[in-house]
Amino acid sequence: MVTPLDIFSGFSVDDIAAAKTFYADTLGLDVSDGTMGNLDLRLPAGGHVFIYPKPDHTPASFTILNLVVDDIDAAVDDLNARGVATKIYDDDALPTDGKGIMRGRAADRGPDIAWFRDPAGNVLSVLQD
């Protein structure tokens, strides 16, 4: 049986400086420089995410990070005001409104959620349970 001392997730980006600016300044998250040219993203509940540079980076085809918020409309408005596009899907399977929010709670289809991309093209979301 494996007995881990810690568990963390990680994902790649193609430009570590752009990622640091986005995650720290645009999103306001707790990001610090790592010892290997990476970033350490500290999560509110105490974990962390390892963000590492990869020259041949390919954006993930799935949501890599979900930010749970109290008010999705306020979060989307703030993201949009900071230049972050939240209407990234035009798909009947993910019906979103003009703000890019899929209103899942009203349709009993899960949380209200809006997706957006980081500078490396990875998909993230804000969601309200």
Side-chain angles (χ1 to χ4, degrees):
M1 178 64 86
V2 175
T3 306
L5 299 176
D6 190 10
I7 297 174
F8 63 92
S9 180
F11 61 86
S12 69
V13 297
D14 56 357
D15 183 335
I16 207 77
K20 184 175 184 180
T21 298
F22 180 77
Y23 286 96
D25 299 340
T26 303
L27 298 183
L29 302 177
D30 188 0
V31 178
S32 61
D33 294 319
T35 58
M36 299 180 293
N38 64 289
L39 298 174
D40 183 52
L41 170 63
R42 284 180 293 286
L43 304 176
H48 63 102
V49 178
F50 181 80
I51 303 173
Y52 58 95
K54 187 174 181 215
D56 61 346
H57 166 76
T58 301
S61 61
F62 51 87
T63 306
I64 61 161
L65 202 60
N66 297 284
L67 292 83
V68 180
V69 297
D70 287 329
D71 183 339
I72 194 161
D73 286 285
V76 166
D77 289 346
D78 184 56
L79 286 169
N80 293 162
R82 294 171 182 268
V84 178
T86 52
K87 185 145 179 71
I88 65 170
Y89 295 121
D90 187 15
D91 184 339
D92 291 339
L94 301 169
T96 58
D97 63 17
K99 288 182 165 186
I101 302 171
M102 185 178 79
R103 306 282 178 177
R105 292 186 311 160
D108 199 28
R109 294 183 58 192
D112 290 349
I113 185 167
W115 294 273
F116 57 99
R117 297 184 190 280
D118 73 2
N122 295 312
V123 177
L124 294 83
S125 82
V126 288
L127 64 94
Q128 179 181 345
D129 285 332

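Just so you know, these numbers come straight off a predicted model, no measurement behind them. For the numbers below, each heavy atom of this structure counts, side chains included, while hydrogens, waters and symmetry mates do not.
In this structure, the separation between OG1 on T21 and CG on D118 is 12.0 Å, given to the nearest 0.5 Å. Taking CD1 of I101 as the reference point, atom CD1 of I113 lies at 10.5 Å (rounded to 0.5 Å). Atom-to-atom distance recorded for H57:NE2 and D14:CG is 5.5 Å, nearest 0.5 angstrom. I72 CD1 to D112 CG: the interatomic distance, rounded to the nearest 0.5 Å, is 5.5 Å. The distance from atom OG1 of T86 to atom CZ of R117, rounded to the nearest 0.5 Å, is 12.5 Å. In this structure, CG on L127 lies 5.5 Å from CG on N66, to the nearest 0.5 angstrom.
Closest of all the heavy-atom pairs between F116 and S125 is CE2-C, 3.7 Å. Of all heavy-atom pairs between V49 and G10, the closest is CG1-CA, 4.1 Å. The two residues V31 and A24 make their nearest non-hydrogen contact at CG2-N, 4.0 Å. Closest non-hydrogen pair, A114 versus V76, comes out as CB-CG2, 3.7 Å. Nearest heavy-atom pair, I64 versus Y23, reported as atom, atom and distance to 0.1 Å: CD1-OH, 4.2 Å. Annotation for K54 and S12: closest pair CB-CB, 3.7 Å, computed over non-hydrogen atoms.
Hydrophobic clustering (side-chain heavy atoms under 4.5 Å, transitive across Ile, Leu, Val, Met, Phe, Trp, Tyr) groups L67 together with V84. L65 and Y52 are members of different hydrophobic clusters when ILVMFWY side chains are connected at heavy-atom separations under 4.5 Å. F11 and I7 are members of different hydrophobic clusters when ILVMFWY side chains are connected at heavy-atom separations under 4.5 Å. No path of Ile, Leu, Val, Met, Phe, Trp and Tyr side chains, each step under 4.5 Å between heavy atoms, connects F62 with V68, placing them in separate hydrophobic clusters.
Side-chain atoms of D91 never come within 3.5 Å of backbone atoms of P95 as a donor-acceptor pair (strictly under, hydrogens ignored). H48 places no side-chain N or O within 3.5 Å of a backbone atom of D40 that could act as its donor or acceptor partner. No donor-acceptor pair under 3.5 Å is formed between the side chain of N122 and the backbone N or O of A120. In this structure, R105 contributes its side chain and D129 its backbone to a donor-acceptor pair below 3.5 Å.
Using a 4.5 Å heavy-atom threshold, the side chains of L79 and L27 count as touching. Two residues are said to be in side-chain contact when any heavy atoms from C-beta on lie closer than 4.5 Å; D73 and Q128 fail this criterion. Side-chain contact between V13 and L39 is absent, with no heavy atoms from C-beta onward closer than 4.5 Å.
R82 and D25 are not joined by a salt bridge, as no carboxylate oxygen comes within less than 4.0 angstrom of a charged side-chain nitrogen.
Summarising the local packing, CG of D92 is surrounded by 12 or fewer heavy atoms from other residues, nucleotides or ligands at distances under 6.0 Å.
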W115 vs L124, side chain to side chain contact (heavy atoms under 4.5 Å, CB included): CA-CA, chis, key distance, verdict: CA-CA 6 Å; W115 294 273; L124 294 83; over 6 Å; no
